[in-house]
Trainee: 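Dumping the structure here so I can ask a few things about it.
Residue numbers start from 1 in every chain, and the chains themselves are labelled A, B, ... in the order their sequence lines are given, proteins ahead of strands.
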Protein chains: 2
Amino acid sequence: MARRKTSQFDPLARDLADFAKAMSHPARITIVKLLQDSDGAFCGQIVNALPLAQPTISQHLRELERVGIITATPQGPRICYRLNRSRIRNFCHAFSETLGTANEKQQARAKARA
Amino acid sequence: MARRKTSQFDPLARDLADFAKAMSHPARITIVKLLQDSDGAFCGQIVNALPLAQPTISQHLRELERVGIITATPQGPRICYRLNRSRIRNFCHAFSETLGTANEKQQARAKARA
DNA sequence: TTCTATTAACGTATATTTACGATATACAAT
DNA sequence: ATTGTATATCGTAAATATACGTTAATAGAA
């Protein structure tokens, strides 16, 4: 057994889970923080900043790109990675909604039940 | 190879990644949403609401409990699961900080570099 | 005590992730 | 063309995650 059943869940839940998955490794969190401070960095700079080999970083970057957290733009022989801030904002908002930290009505409802 | 290197990253990054990991499966997202609306549910109710077997749900609940997203309180023969809303709020806030969606200064800096 | 209901724990099959060496590819300069 | 630099891709080993059948543990009911 172990046939994945993720397709049985609703698309929003799958989407949020997918975004969370992309953020579920400390290397990827670190990359995002790094890009946040520098507003764009080449792959080599990221490799130098983290304790992982180049192919591993490349793999992590691909995962971040897959869900749209970062964008990649070739510049000559190298590639510049940048945060997609609006996409991140959207996800953060969706997350807060789902987790109930951005919804006054929810707090009220919860209080009413208590 | 594949000796995990997570210990080489800073504790905050590890913590955020760990929280994200807990939210990285649609079943767990769905459970959180369910608890949000009902303010507490027994394991059996959750099992009935999701397309997964009881042991699998139990496993997912343990993961959510591990990072403090939910709490478990026995009530007779059953166990009531509840959201830990303040913990979730804290994490959401830390996330927004890290992702730069909650920081005016950051936006200003980014704009200045552009 | 014995039965039933509820949930956790164990064991295990399969799938996915992580990490990296080796290699390929793309571009620039010589 | 050749060389060097930067990054992706391939292949693969080890670690983890997912899913569930089976079994154990616990609490209350009969």
Trainee: For Ala49(B), enumerate each residue passing the side chain to side chain contact (heavy atoms under 4.5 Å, CB included) test, keeping only those at least two apart in sequence or located in another chain.
Mentor: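 With neighbours one apart ignored, the set is Leu34(B).
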Trainee: Taking DNA chain D as the partner, which of residues 19-33 of chain B come within under 4.0 angstrom of it by heavy atom?
Mentor: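 Lys21(B), His25(B), Arg28(B) - these, ordered by number, are the residues of the stretch whose heavy atoms sit under 4.0 Å from the strand.
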Trainee: Return the value, rounded to whole Å, for the distance between atom CZ of Arg3(A) and atom P of dC20(D).
Mentor: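 Value for this atom pair: 11 Å.
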Trainee: Roughly how far, to the nearest 0.5 Å, is CG of Leu35(A) from CD1 of Ile70(A)?
Mentor: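 Interatomic distance, Ile70(A) CD1 to Leu35(A) CG, rounded to 0.5 Å: 6.5 Å.
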Trainee: What contact category does Ile57(B) fall into here, base, sugar-phosphate, or nothing, at under 4.0 angstrom with non-hydrogen atoms?
Mentor: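 Here Ile57(B) touches no strand at all.
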Trainee: Of all the nucleotides listed (dA19(D), dT18(C), dC20(C)), which has the minimum atom distance to the side chain of Pro55(A)?
Mentor: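 Side chain of Pro55(A) sits closest to dC20(C).
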Trainee: Please report, rounded to the nearest Å, how far the C1' atom of dA17(D) is from the CG atom of Asp18(B).
Mentor: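 To the nearest whole Å, that distance equals 14 Å.
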Trainee: Can you pull the side-chain hydrogen bond (donor to acceptor under 3.5 Å, both in side chains) pairs that have at least one residue in residues 19-30 of chain A, sequence neighbours excluded?
Mentor: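 For residues 19-30 of chain A, and leaving out neighbouring residues, the side-chain hydrogen bond (donor to acceptor under 3.5 Å, both in side chains) pairs sorted by first residue read Arg28(A)-His60(A).
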Trainee: Looking at the side chain of His60(A), which of dA15(C), dA19(C), dT22(D) is the nearest nucleotide?
Mentor: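 So the nucleotide nearest the side chain must be dA19(C).
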Trainee: Taking CZ from Arg66(A) and P from dA8(D), how many angstroms apart are they, rounded to a whole number?
Mentor: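 These atoms are roughly 16 Å apart.
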Trainee: I need the Gln45(A) CD to Cys80(A) SG distance, nearest 0.5 Å.
Mentor: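 One finds 8.0 Å between CD of Gln45(A) and SG of Cys80(A).
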Trainee: Just jot down the side-chain hydrogen bond (donor to acceptor under 3.5 Å, both in side chains) partners of Arg87(A), sequence neighbours excluded, or say none.
Mentor: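 Not a single residue meets the side-chain hydrogen bond (donor to acceptor under 3.5 Å, both in side chains) criterion with Arg87(A).
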Trainee: Taking CG from Leu50(B) and P from dT18(D), how many angstroms apart are they, rounded to a whole number?
Mentor: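 Leu50(B) atom CG is separated from dT18(D) atom P by 14 Å.
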Trainee: Between P on dC20(D) and CZ on Arg4(A), what's the gap in Å once rounded to a whole number?
Mentor: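 Spelled out: CZ on Arg4(A) to P on dC20(D) is 11 Å.
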Trainee: Applying salt bridge (Lys or Arg N to Asp or Glu O under 4.0 Å), which residue pairs with at least one partner in residues 66-76 of chain B are found, sequence neighbours left out?
Mentor: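 For residues 66-76 of chain B, and leaving out neighbouring residues, the salt bridge (Lys or Arg N to Asp or Glu O under 4.0 Å) pairs sorted by first residue read Asp18(B)-Arg66(B), Glu63(B)-Arg66(B).
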Trainee: I'd like to check the side chain to side chain contact (heavy atoms under 4.5 Å, CB included) partners of Pro51(A); sequence neighbours left out, ordered by chain and number.
Mentor: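 Expected list: Gln8(B), Phe9(B).
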Trainee: Could you go over nucleotides 2-7 of chain C and give all protein N or O partners under 3.5 Å, atom names and distances?
Mentor:
{"residue": "dT7(C)", "atom": "OP1", "partner": "Cys43(B)", "partner atom": "N", "Å": "3.2"}
{"residue": "dT7(C)", "atom": "OP2", "partner": "Gly44(B)", "partner atom": "N", "Å": "2.7"}

Trainee: Taking the nucleotide of DNA chain D with the nearest heavy atom to each, does Arg62(A) or Phe9(A) sit closer to the 5' end?
Mentor: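 Here Arg62(A) is the residue nearer the 5' end.
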Trainee: Which residues pass the side-chain hydrogen bond (donor to acceptor under 3.5 Å, both in side chains) test with Ser86(B), sequence neighbours left out?
Mentor: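 Residues passing side-chain hydrogen bond (donor to acceptor under 3.5 Å, both in side chains) with Ser86(B): Asn84(B).
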Trainee: Checking all strands, does Gln59(B) fall into the base, sugar-phosphate, or nothing category for heavy-atom contacts under 4.0 angstrom?
Mentor: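 The residue Gln59(B) makes base contact.
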Trainee: Measure the distance from CG on Leu61(A) to C1' on dT7(D) and round it to the nearest whole Å.
Mentor: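 Going from CG in Leu61(A) over to C1' in dT7(D) covers 10 Å.
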Trainee: Here's a test of your reading of the structure: between Ala72(B) and Gly76(A), which maps to the more 5' nucleotide of DNA chain C?
Mentor: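 Result of the comparison: Ala72(B).
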Trainee: Mind checking if Leu52(B) touches a base, just sugar-phosphate, or nothing, with heavy atoms under 4.0 Å?
Mentor: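 Leu52(B): backbone/sugar contact only, no base atoms under 4.0 Å.
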Trainee: For Phe91(B), give me all partners under ring pair (Phe, Tyr, Trp, His ring centres under 6.0 Å), at least two apart in sequence or on another chain.
Mentor: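 Counting only residues at least two positions away or on another chain, Phe91(B) forms a ring pair (Phe, Tyr, Trp, His ring centres under 6.0 Å) with Phe19(B).
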